[in-house]
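Predicted model only: the values in this text are computed from it and were never measured.
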Amino acid sequence: MFQTHHTHSRFKTNINDSLALPVFSRDGEATTISKFAIPAEPMLPETAYQIVHDEAILDGNARLNLATFVTTWMDDHANRIYAETYDKNSIDKDEYPATAAIEERCWKIMADLWHAPDPTNTIGTSTVGSSDACMFGGLALKRKWQERRKAEGKPTDKPNLVLSAAVQVCWEKFCNYWDVEARFVPCTPEHVLFDGTDLEKYVDENTIGVVAIMGVTYNGLYEPVKKIAAKLDEIEKDTGLDIKIHVDGASGGFIAPFCQPELEWDFRVPRVVSINTSGHKFGLVYPGIGWVVWRDKEALPESLVFHVSYLGGDMPTLALPFSRPGAQILLQYYNFLRLGFEGYRQVQQGSLDVAQYLSKHIGEMAPFELISKGDTIPVFAWKLKDGYTDKWTLYDLADRLRLSGWLVPAYPMADNMSDLTLQRIVVKNGMSHDLATALLTEITTQVAFLDDLTGPLPKEGQHPGFSH
Ligand SMILES: *Cc1c(COP(=O)(O)O)cnc(C)c1O
């Protein structure tokens, strides 16, 4: 018989009696546990551990998660640092001055990688991820614009931000939470990427800035920052409006410096005033770390910096949360030391190689047409070829792949092109050539299954398939 509530436990609170039973027979584990109210009694740690552990294994396998951009593997030395430092709160800078100093070194390293004109005059911070890093980039733009407008005696009640419709959701949040009008430049079949075309129709005196994305979430492509900046130069010449760029380099901020060093997208472009990245994406650190850096100290209004003294000392802080983990900061620095420039380059190039190996073979399969190849960041997307089949969709394929553990998401393209369904793979450090080959075989099998299930192949001579 099922026990439905903890109050029916055989042993009540007598832990010693319960301990005599093996783990899988103890109270709680072999029964129904309280889920939505805190249990009245404690339970043995082994039992609680086993319950939580067993429930968590129902999650997908992180190593087969090709949906996420976020790090799913670090080496054993990184794991050791994590285990040694998970108790550090990054805000306790006075108590943990070494962690604080390392944080500063990390964003200075980023500033240098991104070609800040004077690395001694930059400012930056770690964040929880790119989402709050983007909020800060946006807030600095907004505050700068407000200060300028106030000085000119002009109203500051209608700020707007210009960005591609394909932005990551954090930018919609920024505009919503901070009352900024989002002016989305739509994705069209002719201009799938935001490239500055028609930009003059979107900007005006209330524009706080323009966002350019290095590594669009939907397809991995880079928006051409230099071209967007050139368009803003033209606009300034015509109208006098001096509009700055924030680059969302959530992914590309850690790829381009190593693998596309010639590409000018960073502080080499004078209009770029701030850049964010996710340390937990291609910075190769476990979830919980992002970075934002400003071109120079002048680009960050001093009014956004808080000075806190109650932990001892005068501590300037620039963050939305107060407490957050410090371990990820140390892991980021570990990676910088461990890998160095050449190590990062090889890891990222390895992921790019696997991404292009996958995209080449997926692009050759009869049902698919590539949207991108994985030669910017190691992320690419494809769609079903027009007319291949109306019997199955990429959502069906995603479901079939999930049966064998592979998480390869299908999703609609951004607004305006949302009837286009894409499927995407994010290749990360740890996705080997062999795993990629296993995935290609599985895709071939599942496409054949879907084709067989839904009817004859549409055209003579078209065979789904991968061989190598
Ligand atoms: C992932 C991503 C974000 C959000 O980053 P988090 O680190 O997950 O908060 C923002 N912008 C882009 C382009 C992204 O890819």
Side-chain angles (χ1 to χ4, degrees), residues 65-70 130 134 163-172 184-197 211-228 247-256 259-260 263 265 276-278 281-282 348 351-365 367-386 388 393-395 397-398 401 406-428 431 436 439-440 443:
N65 182 352
L66 307 186
T68 186
F69 285 70
V70 174
S130 275
C134 291
L163 60 190
S164 160
V167 286
Q168 212 264 357
V169 66
C170 71
W171 288 105
E172 294 172 51
F184 292 118
V185 180
C187 302
T188 62
E190 300 76 46
H191 292 281
V192 174
L193 266 188
F194 171 51
D195 59 5
T197 307
V211 174
I213 314 167
M214 282 293 285
V216 175
T217 317
Y218 292 88
N219 49 31
L221 297 172
Y222 288 157
E223 291 178 350
V225 179
K226 230 177 144 178
K227 197 168 163 198
I228 295 168
V247 176
D248 180 352
S251 301
F254 261 109
I255 300 286
C259 298
Q260 300 103 9
L263 184 68
W265 61 276
N276 69 274
T277 196
S278 295
K281 290 185 178 174
F282 296 100
Q348 316 298 37
S351 297
L352 284 167
D353 291 347
V354 171
Q356 286 161 65
Y357 167 70
L358 279 166
S359 71
K360 174 174 180 290
H361 287 291
I362 288 174
E364 283 168 359
M365 293 183 193
F368 307 130
E369 183 177 327
L370 291 179
I371 301 289
S372 47
K373 293 191 290 208
D375 54 359
T376 46
I377 57 174
V379 172
F380 68 97
W382 65 92
K383 61 173 198 157
L384 267 183
K385 250 184 216 154
D386 291 341
Y388 177 79
T393 67
L394 294 175
Y395 295 103
L397 180 58
L401 292 172
W406 292 104
L407 306 174
V408 188
Y411 52 92
M413 183 51 193
D415 270 0
N416 221 47
M417 288 181 72
S418 57
D419 43 359
L420 172 64
T421 302
L422 301 182
Q423 193 159 21
R424 184 190 65 199
I425 285 177
V426 179
V427 174
K428 294 180 290 292
M431 173 85 178
L439 172 62
L440 287 170
I443 291 175

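Counting only heavy atoms from C-beta outward, the side chains of F254 and Q348 approach each other to under 4.5 Å. In this structure, the side chains of Q423 and I362 stay at 4.5 Å or more apart for every pair of heavy atoms. Residues M214 and I255 are not in side-chain contact: their nearest non-hydrogen atoms beyond the backbone lie 4.5 Å or more apart. Looking at heavy atoms from C-beta onward, L352 lies in side-chain contact with C259 at the 4.5 angstrom threshold.
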Check: Does the side chain to side chain contact (heavy atoms under 4.5 Å, CB included) test come out yes or no for L384 and L397, once each step is laid out?
Finding: CA-CA 11 Å; L384 267 183; L397 180 58; over 6 Å; no
Just distance, no hydrogens or angles: give the donor-acceptor pairs under 3.5 Å from side chains in residues 369-380, sequence neighbours left out.
from, atom 1, to, atom 2, distance (Å)
S372, OG, N219, O, 2.6
S372, OG, A381, N, 3.2
T376, OG1, G220, O, 2.6

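Rounding to the nearest 0.5 angstrom, the gap separating the OG atom in S130 from the CD atom in Q168 is 8.0 Å. For the atom pair CZ of R424 and CZ of F69, the computed distance is 4.0 Å after rounding to the nearest 0.5 Å. Note that the CG atom of L358 and the CG atom of D353 stand 11.5 Å from one another [nearest 0.5 Å]. Expressed to the nearest 0.5 Å, how far OG of S359 lies from CZ of F368 amounts to 13.0 Å. The OG1 atom of T197 lies 4.0 Å from the NE2 atom of H191; values are rounded to the nearest 0.5 Å.
With respect to N65, the side chain to side chain contact (heavy atoms under 4.5 Å, CB included) criterion is satisfied by exactly one of L407, V70, V426: L407.
With sequence neighbours excluded, no residue forms a side-chain hydrogen bond (donor to acceptor under 3.5 Å, both in side chains) with D415.
The nearest pair of heavy atoms linking K428 to L66 is NZ-CA, 4.4 Å. Contact between Y218 and V167 at its shortest, heavy atoms only, is CE1-O, 4.3 Å. What you find for Y222 and L193 is that their closest heavy atoms are O-CD1, 3.2 Å. Nearest approach of C187 to M417, heavy atoms of both residues: O-CG, 3.3 Å. Closest of all the heavy-atom pairs between T421 and L394 is O-CD1, 3.6 Å.
Within 6.0 Å of the NZ atom in K226, the count of heavy atoms belonging to other residues, nucleotides or ligands does not exceed 12.
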